[in-house]
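Below is one structure, written out as structure tokens; comments come after it.
Side chains are part of it too, since the values below use all heavy atoms of this structure and drop only hydrogens, waters and symmetry mates. Atoms within each ligand, like the ligands themselves, are counted from 1 in listed order. Each residue takes its place number in the sequence, starting with 1.
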Amino acid sequence: MHAISEEARRIVESVIDYSRRRALWQDIPLDLPDSPERLALRASGSITRTGIGAEEALRLWDQELAPTCLSTDHPGYLSFIPSAPSKASIAFDLIVSASSIYGGSWLEGAGAVYAENEVIAWLAEEFGLPEDAGGVFVQGGTIGNLSALVAARDVARRRNAAAGRPNPPRWVVVCSAESHSSIASAASVMDIDVVGIRPGADGRLHADAVERALDEHGESVFAVVATAGTTNFGIIDDIGGIADAVHARDVWLHVDGAYGLAGMLVEEMRPAYRGVERADSVIVDPHKWLFAPFDACALIYRDPRAALRAHTQHAEYLDTLADGGMVNPSDLAVQLTRRARGLPLWFSLATYGTEEYRSAIGYGIALARRIADEIAARPGLTLVREPQLSVVVFRVDGWSAADYDAWSERLLERQHAFVVPSSHEGEPVLRFAIVNPQTSFDLLCSILDTLVEARADRAA
Ligand SMILES: Cc1ncc(COP(=O)(O)O)c(C=O)c1O
């Protein structure tokens, strides 16, 4: 398995050939999921005592397994949050794998950590954080949010300990009821309570509501989470107002910008993010709107020392890693062994430059506005809310959840697009999440056309 043999050469060549074809495929199919039963018929029996060989295993992958994995980088993939990695980032991901880089410590991965830190420093500067801000790339927004909240609670506990104050019976994190499900998940892992505040009519969490929650829950609150781009609507909370409310009270401000904080790279959008520069921690996922492959979340702390105190693991065999005095990425989050998952973004940024990023993100915002106008102008469709970033939510007048489901299934069967229904205040809605610069206005209009046809069919 490890020798450099003829077989090893053939395996590496064929896998690189496959990767080349997939990365440079012009019109990728969307593909279709399949049931476990049918996959068992198509692809079972691959794990044997003596192996089936790379050729057969790759054939199984290419012909039976891969076609059941949706292409999240297809221009018509518009559900959840799509992924649209740049060609440079995809290509470099192969290098990260081929090089067995350990990204957890400076001792083992100095150059990789240095390059990742260059990206973290650039993002921190864009977000207005101080020069000594620092962070790490973790697996995704869920782990990023969890790690930030763990650090925040640790700060609150230490503050209480230093002042000789008891900790509250239950710790509380305050956020919008529209905040991402990963906040509730983090709270469950941490065994703390979440106070989810109903946002204003504009969908934003406002400072006055946060202040009321802080008054009500007092010393129990150790952190407030503001969302910079909600998943369902792409709405940015009133981060500036929330920062005022929070800082008067020594409470940690975390900004969850897993999807939407990338929008701050677009100059005209900056005012909407006012207050991010005052956050104690922020996250943004490169695998969402920063065009990197799965999986990566940039987690940045205003003061990384707080994270080090909360997260550093201690063991006899690990202590040598701390001896050099360098910050080890492992010590900044809930993790130990880590892939240098920030490197594909580093390579892509270094290759294309930051302006390409700004314009690719700006394209998504402009397209969302344009298609929102188109939706508003089409009879039978109603725009639920003007998009702030690149998520457009609308409804088909008179449709039930079953109508949306049937239409969505047909759309995928025809390999046209992947648009699953979402819901808003209990009502089913449709949602375009636009991330991919290859998604065109014409493609979106052609999807709207199918809605008009489906409505006509239903009426007939
Ligand atoms: C606002 C927000 N926060 C957190 C997450 C969780 O990120 P991940 O899926 O990378 O764990 C998401 C995912 O869509 C999100 O949109």
Side-chain angles (χ1 to χ4, degrees), residues 70 72-73 77-85 89 123 127 135-150 152 173 175-190 194 196-197 199 203-205 223-239 242 253-264 272-273 276 279 281-300 333-335 338-339 341-342 344-345 361 364 368 387-393 418 420 422-424 431-436:
L70 293 191
T72 59
D73 53 345
Y77 184 106
L78 300 159
S79 295
F80 312 116
I81 303 288
S83 150
S89 71
L123 288 172
F127 302 151
V136 61
F137 290 92
V138 294
Q139 176 231 326
T142 299
I143 297 295
N145 283 334
L146 171 64
S147 300
L149 291 178
V150 167
V173 58
C175 60
S176 161
E178 298 277 321
S179 68
H180 189 262
S181 49
S182 53
I183 302 300
S185 162
S188 159
V189 171
M190 295 168 70
V194 180
I197 303 174
R204 304 170 77 209
L205 178 62
V224 172
V225 178
T227 306
T230 56
T231 323
N232 216 17
F233 276 97
I235 293 170
I236 305 164
D237 288 339
D238 171 18
I239 304 171
I242 296 170
L253 175 61
H254 174 63
V255 174
D256 176 0
Y259 148 65
L261 197 49
M264 198 173 169
Y273 293 89
V276 169
S281 55
V282 305
I283 62 159
V284 59
D285 280 2
H287 65 221
K288 293 188 167 70
W289 212 4
L290 285 174
F291 316 117
F294 298 125
D295 46 24
C297 162
L299 161 63
I300 309 177
V334 183
Q335 58 181 355
R338 69 175 288 275
R339 179 179 178 81
R341 51 171 47 86
L345 175 58
I361 297 163
Q388 194 177 7
L389 291 171
S390 69
V391 178
V392 185
V393 180
F418 181 58
V420 294
S422 179
S423 66
H424 174 55
R431 176 176 167 278
F432 289 158
I434 303 166
V435 162
N436 193 331

Can you name the atoms of ligand 1, numbered from 1 with element, that are less than 4.0 Å from a heavy atom of [X]?
| X | result |
| --- | --- |
| D285 | 7 (O), 8 (P), 10 (O) |
| T231 | 1 (C), 2 (C), 14 (O), 15 (C), 16 (O) |
| T142 | 6 (C), 7 (O), 8 (P), 11 (O) |

Q.
One residue to check: N145. Relative to ligand 1, which of side chain, backbone, both or neither has a non-hydrogen atom less than 4.0 Å away?
A.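 Just the side chain.
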Q) Side chain, backbone, both or neither: which part of Q139 has a heavy atom under 4.0 Å from ligand 1? A) neither
Q.
Below 3.5 Å, N or O to N or O, backbone or side chain included: is there any such pair between Y259 and ligand 1?
A. no
Q. What class does the angle between the rings of H424 and F233 fall in, given that below 30° is parallel, 30 to 60° is tilted and above 60° is perpendicular?
A.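 Perpendicular.
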**Q.** Close side-chain approach of C175 and T227, heavy atoms under 4.5 Å
**A.** no
Q: Write out the residue and atom name of the closest protein heavy atom to atom 9 (O) of ligand 1, then the distance separating them to 0.1 Å.
A: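 Checked against all protein heavy atoms, atom 9 (O) of ligand 1 sits closest to K288 NZ, 3.6 Å.
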**Q.** Nearest neighbour in protein (non-hydrogen) for atom 3 (N) of ligand 1
**A.** D256 OD2, 2.7 Å
**Q.** N232: partners by side chain to side chain contact (heavy atoms under 4.5 Å, CB included), with sequence neighbours left out
**A.**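 Scan of N232 (side chain to side chain contact (heavy atoms under 4.5 Å, CB included), adjacent residues dropped) gives S422, R431.
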Q. Heavy-atom distance to atom 8 (P) of ligand 1: which of S182, S185, G141, P286 wins?
A.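 Heavy atom nearest to atom 8 (P) of ligand 1 belongs to G141.
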Q. Out of E178, H287, H180, who gets a non-hydrogen atom closest to atom 6 (C) of ligand 1?
A.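 Selected option, by shortest heavy-atom distance: H180.
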Q: Grab the two heavy atoms, one from D237 and one from S176, that are nearest each other, plus how far apart they are.
A: OD2-CB, 4.2 Å
Q. Using a distance-only test with no angle check, is there a side-chain donor-acceptor pair under 3.5 angstrom linking H254 and S281?
A. yes
